[in-house]
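Step one of this worksheet: look at the structure below.
None of the values given here were measured: they were computed from a predicted structure. Values reported hereafter were calculated over all heavy atoms of this structure, with side chains retained and with hydrogens, waters and symmetry mates removed.
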Amino acid sequence: MSDDTLADRLAIRDVVESWAIARDSADWERFRAQWHEDGYMMATWFQGPKEDFIRVSQEGFAKGVNILHFTGASQATVNGTRAISQTRMTIMQRGMVHGVLCDVACVGRFYDFFEKRHGRWAIVLRQPIYEKDRLDPVEPGATVKLDPEFRPGVDALYARGAAWLAGEPVAP
């Protein structure tokens, strides 16, 4: 691996980690800096431009919503000024679920489309992949009734990633 490739991969990893720390600590300017101006977020609860995502994140934080993002192993495939990064993650939140106070943990990967513009790597598209969820009532003995028919959809994400690395535009 060349020094340039290593530097690119380290810069991408820094963006991934800075995204989590900045969002969870309400450092909105630092959070904004992890995205390119046309950045787009695709989560279960929100799909839209990064500025709208920042706004709804700020609104939630102001209402007391506390979400913690933990990142783990990370890998980036770099092709010139474009890259795909996958990072293991856990998202944790405490909140009411059908009237019961619960701790919720979502385990999966951040699947990020990166581009290097004017010498700076930043996120163009973030698509979390949710692999496992856990819901634990905070009060011992409490139970939550969930809909047994609920099945989240599956995205054709890897095909989009290959197209991105080949230089095609990505549309959310």
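Linking ILVMFWY residues whenever their side-chain heavy atoms come closer than 4.5 Å, directly or via other members, leaves Y111 and F70 in distinct clusters. By the criterion of side-chain heavy atoms lying less than 4.5 angstrom apart, applied directly or through intervening Ile, Leu, Val, Met, Phe, Trp or Tyr residues, Y130 is grouped together with F110 in one hydrophobic cluster. A single hydrophobic cluster is seen to contain both I67 and I54, as judged by linkage of ILVMFWY side chains at heavy-atom distances under 4.5 Å, directly or through other members.
For the pair L135 and V97, the minimum side-chain heavy-atom distance is below 4.5 Å. Looking only at side-chain heavy atoms (C-beta outward), D112 and V16 come within less than 4.5 Å of each other. A 4.5 Å side-chain heavy-atom check between I123 and V15 finds at least one atom pair inside the cut-off. Side-chain contact check for T71 versus R13: some heavy-atom pair is nearer than 4.5 Å. Counting only heavy atoms from C-beta outward, the side chains of I91 and L68 never approach each other to under 4.5 Å. Counting only heavy atoms from C-beta outward, the side chains of H69 and M89 never approach each other to under 4.5 Å. Between Y40 and R126, the closest side-chain pair of non-hydrogen atoms is not below 4.5 Å. Taking the side chain as every heavy atom from C-beta outward, V104 and R134 never approach each other to under 4.5 Å.
Nearest heavy-atom pair, P137 versus A142, reported as atom, atom and distance to 0.1 Å: CG-O, 3.3 Å. Pairing each heavy atom of R94 with each of V138, the nearest pair is NE-CG2, 3.5 Å. Among all heavy-atom pairs drawn from M92 and A105, the shortest one is CG-CB, 4.3 Å. In plain terms, the two heavy atoms of T87 and G72 that are nearest each other are CG2-O, 3.8 Å. Here the closest heavy-atom approach between residue V124 and residue R117 is recorded as CG2-NH2, 3.8 Å.
Scanning for side chain to side chain contact (heavy atoms under 4.5 Å, CB included) contacts around Q75 gives T77, Q86, with sequence neighbours left out. In this structure S2 satisfies the side chain to side chain contact (heavy atoms under 4.5 Å, CB included) test together with D4, T5, sequence neighbours excluded. In this view, E59 and R55, V56 satisfy the side chain to side chain contact (heavy atoms under 4.5 Å, CB included) rule, not counting sequence neighbours.
We find the CZ-CH2 distance between F114 and W35 to be 9.5 Å, quoted to the nearest 0.5 Å. The CD atom of E115 sits 11.0 Å away from the CD1 atom of I12 when rounded to the nearest 0.5 Å. For the atom pair CG of D8 and CG of N79, the computed distance is 11.0 Å after rounding to the nearest 0.5 Å. Note that the CH2 atom of W121 and the NE2 atom of H36 stand 8.0 Å from one another [nearest 0.5 Å]. A distance of 8.5 Å separates CZ of F61 from CG of D24, quoted to the nearest 0.5 Å. Here R32 contributes atom CZ and W19 contributes atom CH2; the two are 14.0 Å apart, rounded to the nearest 0.5 Å.
Side-chain atoms of D103 never come within 3.5 Å of backbone atoms of D136 as a donor-acceptor pair (strictly under, hydrogens ignored). A donor-acceptor distance shorter than 3.5 angstrom exists from the side chain of R120 to the backbone of A33, with no hydrogens or angles considered.
Under the 4.0 Å criterion applied to side-chain N and carboxylate O atoms, E131 and R88 are assigned as salt-bridge partners.
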N66 and Q93: side-chain contact (heavy atoms from CB on, under 4.5 Å), yes or no, with the steps?
-> CA-CA 6 Å; N66 185 11; Q93 181 178 8; over 6 Å; no
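Other residues, nucleotides and ligands place no more than 12 heavy atoms under 6.0 Å from the CD1 atom of I21. Within 6.0 Å of atom CZ in R30, 12 or fewer heavy atoms from other residues, nucleotides or ligands are found, so the atom counts as exposed in its surroundings.
For the 3.5 Å distance criterion, the side chains of S57 and R23 qualify, holding a donor opposite an acceptor.
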